[in-house]
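Atoms considered below: every heavy atom in the structure, side chains included; atoms not considered: hydrogens, waters and symmetry mates. Since the structure is predicted, the reported quantities are computational estimates derived from the model, not experimental observations. In the text below, chain A, chain B and the rest are named by the order of the sequence lines, each starting its count at 1.
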Protein chains: 2
Amino acid sequence: MKRKITLKQIARELDVSISTVSKALRNSEEISADTIEKVQAFAKLYNYKPNNIALSLKNRRTKKIGVIIPEIVHHFFSNVIKGIEKVANKHGYNVIVALSNESFDKEVLNMEMLANGSIDGFILSISKETLMLKDYHHFRETINQGMPIVMFDRVVNEINCDKVIVDDFDGAKNAVKIMIDGGSKHIGIITTKDYVSVGSLRTNGYLSALQLSGITASDELVLKVEDGLDTEENSDKLYKTIQSLFDNNPQMDGVFAVNELFALIAMKVAHERGIKIPEQMQVIGFTNGVLSKYATPSLTTVSQHAQQIGEQSAYLLIERLEKDEDLEEDGWKTVIVKTDVVERDSTK
Amino acid sequence: MKRKITLKQIARELDVSISTVSKALRNSEEISADTIEKVQAFAKLYNYKPNNIALSLKNRRTKKIGVIIPEIVHHFFSNVIKGIEKVANKHGYNVIVALSNESFDKEVLNMEMLANGSIDGFILSISKETLMLKDYHHFRETINQGMPIVMFDRVVNEINCDKVIVDDFDGAKNAVKIMIDGGSKHIGIITTKDYVSVGSLRTNGYLSALQLSGITASDELVLKVEDGLDTEENSDKLYKTIQSLFDNNPQMDGVFAVNELFALIAMKVAHERGIKIPEQMQVIGFTNGVLSKYATPSLTTVSQHAQQIGEQSAYLLIERLEKDEDLEEDGWKTVIVKTDVVERDSTK
DNA sequence: TTGTATGCGTTATCAT
DNA sequence: ATGATAACGCATACAA
């Protein structure tokens with residue numbers, strides 16, 4: 001169990017100075033070919049790798065990007081990260097992920113842990129609890145201390161920073177329109193509580209589509225759930241609430257769900273009730289992942305191009321990181337990534 | 001955009017020495033109440049936080065645990081991480097996640113990035129490509145340099161380290177036995193290629209269960225797939241292969257799948273073929289997640305107690321980290337976490 | 001061509 | 001009660 005070898009040790013072994021070793025390893029012109037060879041051979045033998053911590057301290061940059069996401073299971077986040085990594089790696093950055101588990105405290109804690117030297121900037125999607133509490137002080141502080149943040153998907157107007165969002169409103173509107181075109185008259189929506197920005201945008205898109213087609217919206221058909229799937233109990237409650245939606249609205253012939261899982265549960269409940277999809281009821285979910293594809297029947301979804309979202313976020317962050325230090329404070333960009341509807345078997 | 005404030009700056013502003021500031025902030029007995037108050041007030045005002053990088057360099061420890069997982073979507077990994085965080089946080093450690101995306105290169109890269117000072121130890125599950133290549137040099141090097149590794153789920157005998165595994169063999173055996181008891185005579189298995197250790201263990205459990213019940217195993221009924229769901233193309237291929245399994249074995253009346261998604265796809269294909277579940281065919285999947293619960297019909301699964309796996313892993317790692325430096329080299333532990341079968345509607 | 005000194009931010013040890 | 005100094009590992013400006 002030998003400790004990692006350092007420049008100092010190499011220097012001592014080879015009886016040269018530390019700086020000579022340092023220079024030799026970087027093939028400096030100043031050093032003789034002989035010494036370079038000797039040093040590099042020794043370094044290779046002992047598998048020398050510069051200590052990143054020391055480098056970070058010296059350079060005041062880590063070449064690392066911190067990503068904070070609320071949950072890990074969603075295919076959406078997985079793909080966002082893939083996009084981030086693609087761009088980050090291309091520019092010589094590494095990616096570190098931390099989870100908030102939809103909790104405000106964990107979000108704050110994890111940001112503090114990373115902000116203190118571990119990374120150069122954040123890409124994050126806000127936790128539900130934070131959105132509910134409307135407490136954004138940790139974002140402000142981080143930004144004030146010179147560490148840039150890029151928010152994606154779940155963003156918030158109160159904070160000035162670069163953002164990457166999806167056209168939630170239009171995406172939802174288009175989806176609902178497809179169901180209306182397919183003949184649905186009584187379309188229900190399973191969405192999140194309003195404090196989740198994307199949830200309320202999608203709800204509005206749904207309402208707008210109805211209005212445009214001259215359909216009067218009914219409160220009965222709008223289900224705003226607290227979607228905690230973290231515990232057995234929560235997930236049961238969710239299930240039961242969706243069952244009630246069906247039981248209270250026997251005339252319902254379409255369901256628009258703001259995420260994949262809600263849609264899946266809706267289909268399960270429909271199946272229990274003997275309702276045929278898509279003949280008697282059409283279903284569309286937001287977010288296109290594996291779940292939708294292999295559901296029975298396969299689910300029509302609003303595809304979010306998660307990977308693109310990740311790529312854009314990484315571009316924005318790196319651009320800011322590499323910009324002439326603190327040149328201009330302002331000029332925050334918001335990039336909108338368009339959605340597409342992917343039609344499968346749950347719509348006509 | 002003010003940089004983060006440092007001890008040095010506080011010292012200069014307050015016209016005291018750096019060490020006085022440092023001590024004052026830690027409420028040292030040596031410092032007068034006056035000074036302590038003055039310094040702390042100033043620090044608070046400017047929101048002073050010690051620089052973790054500097055601390056790490058000094059202390060030669062980061063109080064961070066690095067977790068490397070092959071994929072992020074699986075509910076299984078999500079819960080493992082939850083377990084790790086629970087124990088880690090209790091012991092004052094933070095958790096950093098990196099993804100290998102089932103790629104050898106990314107696994108190596110990410111380990112190198114983290115091993116060089118960012119963390120104190122690893123908890124990881126080996127990527128498929130690594131298992132296939134059987135190239136474990138990066139694990140050996142990491143361990144040799146004094147950084148402990150705990151492997152979970154996908155482990156490998158060739159490396160000496162602490163491990164946390166599941167009773168894959170018995171879990172599979174029990175699951176298949178349940179199907180046999182339920183009347184299935186021709187049970188198929190959808191598993192991974194043999195290089196994935198857990199896949200082959202589960203396959204053996206399946207074979208053992210058949211043998212015990214006097215059923216002759218048939219090669220036709222064993223499907224070993226390359227499960228890349230990363231691209232559209234791969235996921236299509238997977239789907240088609242599973243369809244062939246059904247078409248080549250019309251007599252098949254049971255399917256045991258080594259993960260949730262394989263089971264889901266099998267159910268979808270069965271549905272396409274008009275096969276009723278569980279009446280005409282029983283299905284069981286390994287890994288118990290949300291998917292299984294909300295599938296139609298809900299899926300009987302082998303539950304892996306992912307969170308426990310995470311907790312155990314964290315315990316093992318922290319124990320080793322806090323142990324008297326390099327006291328004893330040996331005595332690697334392997335903890336086995338038992339599985340349970342959760343019966344739902346896809347079995348009789 | 002090689003070596004010395006300095007600094008990145010912090011803490012601990014040893015003066016004063 | 002306070003301060004100076006060294007050290008963690010590295011890179012670099014400046015001597016020699």
| field | Worked check of side-chain contact (heavy atoms from CB on, under 4.5 Å) between M151(B) and L124(B) | value | CA-CA 5 Å; M151(B) 296 185 175; L124(B) 60 84; 4.0 Å; yes

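- A salt bridge links E102(A) with R154(A): the closest approach of a Lys/Arg side-chain nitrogen to an acidic carboxylate oxygen falls below 4.0 angstrom.
- In this structure, D15(A) atom CG and dT2(C) atom P are separated by 12 Å, rounded to whole Å.
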| request: Going 5' to 3' through nucleotides 8-13 of chain C, assign each nucleotide B (protein heavy atom under 4.0 Å from a base atom), S (under 4.0 Å only from sugar-phosphate atoms) or - (no protein heavy atom that close). | output: BBBBBB

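- The residues R61(B) and E322(B) are annotated as salt-bridged, a charged nitrogen and a carboxylate oxygen being separated by less than 4.0 angstrom.
- The only option from K323(B), K333(B), R320(B) that meets the salt bridge (charged side-chain N to carboxylate O under 4.0 Å, His left out) definition with D162(B) turns out to be R320(B).
- Taking the six-membered ring for Trp and thresholds of 30 and 60 degrees, F76(B) and F152(B) have ring planes inclined between 30 and 60 degrees apart.
- T35(B) comes within 4.0 angstrom of sugar-phosphate atoms only, judged by non-hydrogen atoms across all strands, and of no base.
- For dG3(C), one of the phosphate oxygens OP1 or OP2 lies less than 4.0 angstrom from a side-chain nitrogen or oxygen of S17(A).
- A straight line from CD1 of I53(A) to P of dG9(D) spans 11 Å, rounded to a whole angstrom.
- As rounded to whole Å, 11 Å separates atom C1' of dT1(C) from atom CG of D34(A).
- Remark: K58(B) engages no residue in a side-chain hydrogen bond (donor to acceptor under 3.5 Å, both in side chains) (not counting sequence neighbours).
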